[in-house]
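Here, residue 1 is the first one in the sequence, and each next residue gets the next number. Side chains included, hydrogens not; waters and symmetry mates left out as well; all remaining heavy atoms used.
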Amino acid sequence: MTAAKAGLDAGPYQGYVYAYPHKTAYRPLDPRPTLRRVWEREPLESLFLYLHIPFCEMRCGFCNLFTRTGAPEELVTAYLDALERQARAVRDALDGPEFVLAAVGGGTPTYLSADELTRLFDLTERITGVDLRAVPLSVETSPATATADRLAVLAERGTTRISIGVQSFLDAEARAAVRPQRRAEVEAALGRIRDVKFESLNLDLIYGIDGQTERTWRHSLDAALAWRPEEIYLYPLYVRPLTGLGRRAGDWDDHRLGLYRQGRDHLLAEGYEQVSMRMFRLPGSGGLTEYTCQSDGMVGLGCGARSYTSGLHYSHEYAVSARQVRGIIDDYVRLPAGEFAFANVGFHLDEAERRRRHLLQSLLQMEGLDLDAYRERFDTEATEDFSAELETLTDRGWLDGPDGRRLRLTSEGLAHSDAIGPWLFSAPVHELMVGYEQR
């Protein structure tokens, strides 16, 4: 994520907005509020439960996730012990939460053994009260860790969606992305996943890898399509600070944008529908959920998880560099139970920031901004609250006029989502991000 407020002309790849505000805008909370106070006035009937496992078997060159490699078994055990203490603190703070959606991310959750995954699911259900078989449940995996015994646990515990990062079906491109894997390993993992018959398979691909061409990109697209995954995500390669590839300079915006358009058009021609700049899915394969990302809360368990309420987003400390991440995880596993009763690091959202978040969470999706829903929630008009921003996007041809009571980005607007998103961040959020020290 870019820290400074870049203009719309600075290039189409300024930063991936998967949450607003970004964690680099979070600061230590002083005084630290108790979780009970944070959640006491929040609606609890439609929550998202997110479990974070910060371990991977390897660290890819493009990765800026909060994760560490080579965690020994005793650290994993200590981590699950700490997660259990945290879950109890959350249970004690929230009065009868109802979870309607759940996900396990990372890192790579299937870095855990089958027995460790079983323990993770057991403690989650026992303490939080959620029935993971009764809600949509997504779990991330990797080619090396999608083993038959792990997949059997995921299926038995109600996993409906499994997501696997392939990135490229060409061994040379995988090596260029500092992801040492072989296609044979990828194909074998996909075969095992399909044998289990999960309701939905998501497959991640990356464009913009060093040496990648239109021909090799088409090769990976077609290799992915051979499995007919219910979802495909197309991610642009970013060079990020403090990551392996972040040390490589270069301006390849036009190349990435060309590959994106090629991938988009190919998937649309193959019958997929576009959900966002990155996400494509087969019609009818999207699971139904009561959760609404613009307004409903999220409870995060685990060292790198964040939690959302209407007025506060909070988490533990954030870092990218391997040394800092290791230190934060080591601190997390040593925390006594009482420490999990507080929110430590976060960002308070005032009314203006809540409106801006709603705009961002809506506009960067294909379905766009529901103007009536916005007015019902905030008792104002989005076209008035953000008139200057919407006019600028319209003038560029990146925003369609109201279609009924919806505002949608044009096809070219969606292509520039990674410029539009950071550009829409508020001045206070940008100032905090600029002041964040990368570590």
Side-chain angles (χ1 to χ4, degrees), residues 1-22 25 234-236 238 251 253-254 256-265 267-268 272-281 292-295 349-431 433:
M1 167 56 62
T2 305
K5 185 176 177 68
L8 291 175
D9 293 320
Y13 299 105
Q14 298 300 311
Y16 173 25
V17 180
Y18 54 87
Y20 179 79
H22 190 263
L234 305 183
Y235 286 96
Y238 274 96
D251 177 9
D253 282 353
D254 290 345
R256 284 183 288 179
L257 193 56
L259 294 176
Y260 160 77
R261 290 170 175 150
Q262 177 191 356
R264 175 198 64 196
D265 294 347
L267 293 182
L268 293 177
Y272 284 76
E273 61 184 9
Q274 187 167 15
V275 179
S276 68
M277 172 187 167
R278 285 165 170 73
M279 181 182 176
F280 298 79
R281 71 181 173 206
T292 303
C293 68
Q294 291 91 338
S295 56
L349 286 80
D350 60 17
E351 184 72 5
E353 292 290 7
R354 286 193 284 271
R355 294 177 186 180
R356 191 168 292 273
R357 180 175 182 268
H358 189 108
L359 174 76
L360 277 158
Q361 297 282 78
S362 303
L363 205 57
L364 298 182
Q365 301 293 315
M366 185 66 138
E367 65 181 11
L369 175 65
D370 183 328
L371 295 171
D372 291 332
Y374 181 96
R375 183 181 59 199
E376 181 178 349
R377 183 179 180 192
F378 299 110
D379 200 29
T380 62
E381 295 288 347
T383 51
E384 296 176 2
D385 292 343
F386 301 100
S387 58
E389 293 93 331
L390 297 177
E391 182 179 356
T392 297
L393 295 176
T394 301
D395 289 346
R396 285 176 173 262
W398 292 355
L399 182 69
D400 278 330
D403 176 12
R405 290 290 294 169
R406 281 189 182 273
L407 287 178
R408 291 185 176 90
L409 293 178
T410 63
S411 178
E412 197 60 19
L414 274 178
H416 287 80
S417 293
D418 284 7
I420 293 171
W423 174 74
L424 285 173
F425 284 15
S426 71
V429 165
H430 277 290
E431 185 176 349
M433 293 173 68

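To the nearest 0.5 angstrom, R355 atom CZ is 4.0 Å from T380 atom OG1. Rounded to the nearest 0.5 Å, atoms CG (D350) and OG (S426) are 8.0 Å apart. Distance CG/L409 to CG/D400: 8.5 Å, rounded to 0.5 Å. With rounding to the nearest 0.5 angstrom, the CZ atom of R357 is 7.0 Å from the SG atom of C293. Taking CD of E391 as the start and CZ of F386 as the end, the distance is 15.0 Å to the nearest 0.5 Å. To the nearest 0.5 Å, atom CE of residue M366 and atom CZ of residue F280 are 8.5 Å apart.
Residues Y260 and M277 approach most closely at CE1-O, 3.3 Å, considering heavy atoms. Residues L407 and L363 approach most closely at O-CD1, 3.8 Å, considering heavy atoms. Contact detail for G368 and R408: the closest heavy-atom pair is CA-CG, 4.0 Å. Here the shortest heavy-atom pairing between A10 and D253 reads O-OD2, 4.4 Å. Heavy-atom minimum distance, L360 versus G421: CD2-O, 3.6 Å. Closest heavy-atom contact between L349 and R354: O-NH1, 2.7 Å.
No hydrogens or angles considered: nothing links the side chains of T383 and Y374 as a donor-acceptor pair under 3.5 Å.
Annotation: E351, atom CD; neighbour count of heavy atoms from other residues, nucleotides and ligands within 6.0 Å is above 12. Heavy atoms of other residues, nucleotides or ligands lying less than 6.0 angstrom from CG of D379 number 12 at most.
Between T392 and W398 the shortest side-chain heavy-atom distance does not fall below 4.5 Å. Between E353 and V429, the closest side-chain pair of non-hydrogen atoms falls below 4.5 Å. Contact check for L267 versus L234: side-chain heavy atoms found under the 4.5 Å cut-off. In this structure, the side chains of H416 and L8 stay at 4.5 Å or more apart for every pair of heavy atoms. Side-chain contact between R405 and R375: present, with at least one pair of heavy atoms (C-beta onward) separated by less than 4.5 Å. Side-chain contact between R278 and P236 is present, with heavy atoms from C-beta onward closer than 4.5 Å. In this structure, the side chains of H358 and L369 come closer than 4.5 Å at one or more pairs of heavy atoms. Using a 4.5 Å heavy-atom cutoff, the side chains of L393 and W423 are in contact.
A salt bridge links R261 with E412; the closest basic N to acidic carboxylate O contact falls under 4.0 Å.
Here the side chain of S417 pairs no donor or acceptor atom with the backbone of L364 at under 3.5 angstrom. Between the side chain of R356 and the main chain of L424, a donor-acceptor pair closer than 3.5 Å is present.
Using cut-offs of 30° and 60° on the angle between ring planes, the pair F425 and H430 is tilted.
For residues 359-371, the side chain to side chain donor-acceptor pair (under 3.5 Å) pairs, not counting sequence neighbours, are Q294-S362.
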